[in-house]
Protein chains: 2
Amino acid sequence: MTLPSTYADRNCSLARALEVVGERWTLLIVRDAFFGVRRFGDFVTQLKIPRAVLADRLKLLVREGVLTREEGPAVEYRLTPKGVELWPVVRTLMTWGDAHYSPAGAPRSVRHDHDGGLLDPGGRCERCGQLVPVAETRVEPGPGFDPADEGHDPVSDAINTPRRLLDPIG
Amino acid sequence: MTLPSTYADRNCSLARALEVVGERWTLLIVRDAFFGVRRFGDFVTQLKIPRAVLADRLKLLVREGVLTREEGPAVEYRLTPKGVELWPVVRTLMTWGDAHYSPAGAPRSVRHDHDGGLLDPGGRCERCGQLVPVAETRVEPGPGFDPADEGHDPVSDAINTPRRLLDPIG
DNA sequence: CGGGCTGGTTCGGTGACCGAACCACAACGT
DNA sequence: ACGTTGTGGTTCGGTCACCGAACCAGCCCG
């Protein structure tokens with residue numbers, strides 16, 4: 001969209017949410033942000049997204065309060081609390097994709113960093129039963145990870161090493 | 001897409017999931033299916049989606065095994081088990097939209113049909129603590145429902161009466 | 001046989017997306 | 001002082017998806 005025509009069904013929260021994160025690329029950008037990507041160039045190399053589209057989406061996400069744009073020695077985009085609240089959406093979509101498009105198992109595992117327990121569909125640690133907050137969540141290559149995807153670019157490699165969510169790469 | 005160019009990041013389940021449900025309209029169609037919409041014409045009137053786009057999306061969803069197309073006295077599109085597994089995605093996105101774009105409260109409430117308990121963010125019934133299956137889930141107008149949205153068309157009105165998920169409208 | 005209902009397809013116009021090139025600015029080396 | 005490199009974008013022409021409106025085909029009903 002870049003919000004040209006909006007969905008008609010204004011009485012549905014889903015439609016409103018989709019106006020923000022429902023376009024092509026948007027949710028992938030958010031996912032990368034969870035995985036520690038913060039720099040414009042890193043989004044480009046990891047997602048292979050056209051730079052103009054990325055610039056548009058980042059502006060939209062900043063305007064909607066999902067990301068902040070921070071000018072330090074380098075420009076950094078970071079998730080706001082509102083953006084962090086998208087984690088259940090990203091997680092459930094990944095789970096669905098794993099279940100139906102990864103016959104060899106999930107390419108990425110999501111664990112409770114404290115005890116290494118896998119997360120169940122509801123987001124609870126299967127080991128301690130706790131609802132795992134984003135900051136205590138660790139992602140790492142899973143049983144279905146394809147090693148052929150290693151070595152293409154340093155950003156992807158960084159993302160594919162075990163790490164806690166929101167920890168910056170590099 | 002209608003799958004013209006796919007996302008490059010093939011090692012991520014999220015990208016693969018988005019190739020199916022990541023386009024404009026697709027997730028709204030799935031949501032309507034949860035709410036009991038099954039007929040081509042009902043999708044059109046409720047979503048105000050261009051007919052050609054709807055036809056495309058329905059073909060895609062049937063091809064991907066999210067919906068079935070059943071020719072009886074009338075054509076009916078219904079969610080498959082794979083489609084039903086998208087409920088956590090729809091629910092979490094609705095929750096996020098409610099939290100950030102519905103200051104007057106959720107326009108739609110999601111409850112455990114057995115005891116009327118609201119669902120928590122993880123999909124558990126706040127009353128009995130159980131993880132509520134789709135078939136036991138009821139949706140109804142919530143505190144933020146805008147009555148001005150009533151009476152426009154019979155399909156929307158049917159959707160806005162309390163009902164269990166997947167129960168057909170009409 | 002005619003008229004309405006349903007489930008689509010066809011069509012021209014518009015706008016979003018695409019990749020590639022270009023640009024501005026800052027840091028650094030020499 | 002001057003090129004080089006890196007970074008965060010913008011510009012541009014071509015293509016493709018989406019849009020609304022019109023059209024069409026099969027079915028059921030009288």
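Order of the sequence lines fixes the chain letters, A, B, ..., with proteins taken first and strands second; residue numbering starts at 1 for each chain.
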Discussion item. Can a side-chain donor-acceptor contact be found between A:Ser156 and A:Gln46 if the only test is distance below 3.5 angstrom?
Written reply: yes
Worksheet item: Starting at CD1 of B:Ile49 and ending at C1' of D:dA21, how long is that distance when rounded to a whole Å?
Response: 16 Å
Worksheet item: Going by an N to O cut-off under 4.0 Å, is there a salt bridge joining A:Arg108 and A:Glu140?
Response: no
Worksheet item: In whole angstrom, what separates B:Asp42's CG from C:dG7's P?
Response: 8 Å
Fill in: B:Arg24 side chain, from C-beta outward: closest of D:dC18, C:dC18, D:dG9
D:dC18
Worksheet item: Among the nucleotides C:dG7, D:dC18, C:dC18, which one has an atom lying closest to any side-chain atom of A:Val53?
Response: C:dC18
Practice prompt. Report which part of the nucleic acid B:Tyr77 touches: base, sugar-phosphate, or nothing (heavy-atom distance under 4.0 Å, all strands).
Written response: sugar-phosphate
Worksheet item: What nucleotide, of C:dG7, D:dC18, D:dG8, holds the atom closest to the side chain of A:Arg69?
Response: D:dG8
Worksheet, complete the sentence: The residue, B:Arg39 or B:Ala52, whose nearest nucleotide of DNA chain C is more 5′ is B:Arg39
Discussion item. Side chain of B:Pro50 only, heavy atoms from C-beta on: which candidate in C:dG19, C:dT9, D:dG20 is closest?
Written reply: D:dG20
Worksheet entry | Separation of atom CG in A:Leu47 from atom P in D:dG8, rounded to whole Å | 15 Å
Response to the item:
Rounded to whole Å, CD of B:Glu71 lies from P of C:dT6 at a distance of 16 Å
Fill in: Nucleotide D:dC18, atom C1' - distance to CD1 of B:Ile29 in whole Å
13 Å
Discussion item. Parallel, tilted or perpendicular: which one describes the rings of A:His112 and A:His114, with boundaries at 30° and 60°?
Written reply: parallel
Discussion item. Can you measure A:Asp56 atom CG to D:dT11 atom P for me and round it to whole angstrom units?
Written reply: 11 Å
Fill in: Any donor-acceptor N/O pair, B:Trp87 side chain to B:Pro133 backbone, under 3.5 Å
no
Discussion item. For D:dT10 and A:Lys59 - does any side-chain N or O of the residue sit under 4.0 Å from the phosphate oxygens OP1/OP2?
Written reply: yes
Practice prompt. Write down the distance between CG (A:Leu60) and C1' (C:dA16), rounded to a whole number of angstrom.
Written response: 14 Å
Item to complete: Rounded off to whole Å, could you give me the CZ-to-P distance for the B:Arg57 and C:dG8 pair?
Response: 15 Å
Worksheet entry | Short side-chain donor-acceptor distance under 3.5 Å, A:Arg69 and A:Tyr77 | yes
Item to complete: Could you tell me whether A:Arg164 and A:Asp113 make a salt bridge, using a distance below 4.0 angstrom between a side-chain N and a carboxylate O?
Response: yes
Worksheet item: Taking the side chain from A:Thr95 and the backbone from A:Pro121, do they hold a donor-acceptor pair closer than 3.5 Å?
Response: no
Worksheet item: Can a side chain N or O of A:Trp25 be found less than 4.0 Å away from OP1 or OP2 on C:dA16?
Response: no
Response to the item:
Whether each nucleotide of nucleotides 23-30 of chain D has a protein heavy atom under 4.0 Å at its base (B), only at its sugar-phosphate (S) or at neither (-) is summarised, 5' to 3', as --------
